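Computed from a prediction, not measured in an experiment: that's the story for all the values here. Atoms considered below: every heavy atom in the structure, side chains included; atoms not considered: hydrogens, waters and symmetry mates.
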Amino acid sequence: MSNTHADTVLYVRDTMLDQQEPPASTVGPVGWAKDNLFSGWLNTALTVLSSLFIAYLLYRLIPWFVSPTWDGTSLSNCREILDGHEGACWGVIRDRWQQLLFGFYPPELYWRPILTLVLLLVALAPVLYTDYVTPKLLYFSAAFPFLMPWLLWGGTVWMPLMAAAGFAIGFVVFTLVSRVLNAGISIFAAALVAVLWWVLLAAPVAHGIASVLPLALEPVASRDFGGFMLSITIGVTAIGCSLPIGIVLALGRRSDLPLVKILCVGFIEFIRGVPLITLLFVASVLLNIFLPPGTNFDIILRVMIMVTLFASAYMAEVIRGGLAALPKGQYEAADALGLDYWKAQRLIIMPQALKISIPGIVSTFIGVFKDTTLVSIIGLIDPLGLANGIRADTAWNGIYWELFIFIGAVFFIFCFSMSRYSMYLERKLQTGHR
């Protein structure tokens, strides 16, 4: 098209201008820096001061971190390598990293906790990434809680199988009772039968089968557990068990049945009002008093139970907040569809409440995983307890920052991974109300 008219009549244009690139100062890193770091004299001054402070920190820290002491055999040897210069003594990490990870677990059996960790990732895959993994792996996810203790503690394979049989028996009882009674009574009957099986029959049946068909791994005592293996074992168990228990407690607290509500409220408020360290002392010292004489109740199992109950109380409040945030219309819609209480919770109410509660749930998970370091107070050897033991060695007496930096970095990797996954899940499920 000719542009004659556009040249002669300036205020009327009937031709299109060619598209131009935006100014370089408004896009890209330069534009971002201009808008966020140098948007005014105050921001500019703060940016300059912050940059100088960061540069000073890097100037002091990088030479300390980049230290040629990985081959050091002791603190004195590291000082000889540094020859009067400042630097970290990373030789302690090279010398004791296996102990920090596995505690006093027998070195020839390291393959068992490593295999357990790999299988844990496989079991979590169909739960965390439903769009990318076949749902058939959920069968393995259901079997993993019984496979994990057998791999870690060893012993006969029939004991975890009998523990799994308790759930199968409970499911059969629930199916039969639900045909004649309501769901609440059916769940109670199934739980009662399963508990009786575990307490009275599981061990004798397992030992009886083991005497005929012995299939066992070399046993490992709980006193040999330690380091990150112990923290991950307690943390994964507490995280995996606290969510369903927290859901039941949250529903019980909102129940219209007075007895159920009183029991749930009392449990939640009592657990939330008591420090975790008190519960750990109860698990370590007082719990055996209430057990029959001669009962061998493993200390790690006791700690797992107490940490799980502690996390469940906080999880219940997080989920109750999600339930309270749902509009009343969701409950009315479930009633209009003719759904009973349990179907309404499973199909309509609980999925939405869990979506809303994702940030709080993951924050509770992270807090529980970090709280596993408190078990050192009752004699279990977590990574911090191992660090103190390593520092007591004459070869590494005086080491401080290197051990705790390594421990903090490993904890950060796990906690940051959980945090990033929660953000991914929020984006995937679109938790905001529309």
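Checked against ring-ring contact (aromatic ring centres under 6.0 Å, His included), Phe228 has the following partners two or more places apart in sequence or in another chain: Phe411. Legend: residues meeting side chain to side chain donor-acceptor pair (under 3.5 Å) with Trp198, ordered by chain and number and at least two apart, are absent. In terms of the ring-ring contact (aromatic ring centres under 6.0 Å, His included) criterion, residue partners of Tyr105 (sequence neighbours excluded) are, by chain and number, Phe225. Residues passing the ring-ring contact (aromatic ring centres under 6.0 Å, His included) test with Tyr400 are Phe404, sequence neighbours excluded. Take Ser255 and apply the side chain to side chain donor-acceptor pair (under 3.5 Å) test, not counting sequence neighbours, and it matches no residue. Residues passing the ring-ring contact (aromatic ring centres under 6.0 Å, His included) test with Trp97, sequence neighbours excluded: none. Tyr132 is linked by a side chain to side chain donor-acceptor pair (under 3.5 Å) to nothing, counting only residues two or more places apart in sequence or in another chain.
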Could you pull out every donor-acceptor pair under 3.5 Å between side chains of residues 417-425 and any protein atom, sequence neighbours left out?
{"from": "Ser417", "atom 1": "OG", "to": "Ile413", "atom 2": "O", "distance (Å)": "2.6"}
{"from": "Tyr421", "atom 1": "OH", "to": "Leu128", "atom 2": "O", "distance (Å)": "2.7"}
{"from": "Ser422", "atom 1": "OG", "to": "Ser419", "atom 2": "O", "distance (Å)": "2.6"}

Expected list for residues 308-325: side-chain donor-acceptor pairs under 3.5 angstrom, two or more places apart:
{"from": "Thr308", "atom 1": "OG1", "to": "Met304", "atom 2": "O", "distance (Å)": "2.6"}
{"from": "Ser312", "atom 1": "OG", "to": "Thr308", "atom 2": "O", "distance (Å)": "2.6"}
{"from": "Glu317", "atom 1": "OE1", "to": "Arg320", "atom 2": "NH2", "distance (Å)": "2.9"}
{"from": "Glu317", "atom 1": "OE2", "to": "Arg253", "atom 2": "NH1", "distance (Å)": "2.9"}
{"from": "Glu317", "atom 1": "OE2", "to": "Arg320", "atom 2": "NE", "distance (Å)": "3.2"}

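For residues 121-213, the set of pairs meeting the disulfide bond (SG atoms under 2.5 Å apart) definition, not counting sequence neighbours, is empty. Sorted by first and then second residue, the pairs that involve residues 70-112 and meet disulfide bond (SG atoms under 2.5 Å apart), not counting sequence neighbours, are Cys78-Cys89. Among residues at least two apart or in separate chains, there is no side chain to side chain donor-acceptor pair (under 3.5 Å) pair with a member in residues 364-375.
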| query | Where do Trp396 and Ser74 land on the side-chain hydrogen bond (donor to acceptor under 3.5 Å, both in side chains) test, with the steps shown first? | reply | CA-CA 6 Å; Trp396 304 111; Ser74 64; over 6 Å; no

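A donor-acceptor pair shorter than 3.5 Å cannot be found between the side chains of Asp382 and Ser231.
Around the CZ atom of Phe270, the shell of radius 6.0 Å holds no more than 12 heavy atoms that belong to other residues, nucleotides or ligands. Counting heavy atoms of neighbouring residues, nucleotides and ligands inside a 6.0 Å radius, atom CG of Asn36 exceeds 12 of them.
Judged purely by atom type and a 3.5 angstrom limit, Trp197 uses its side chain to pair as donor or acceptor with the backbone of Met162.
A salt bridge between Arg96 and Asp393 is present, with a side-chain N of the basic residue lying under 4.0 Å from a carboxylate O of the acidic one.
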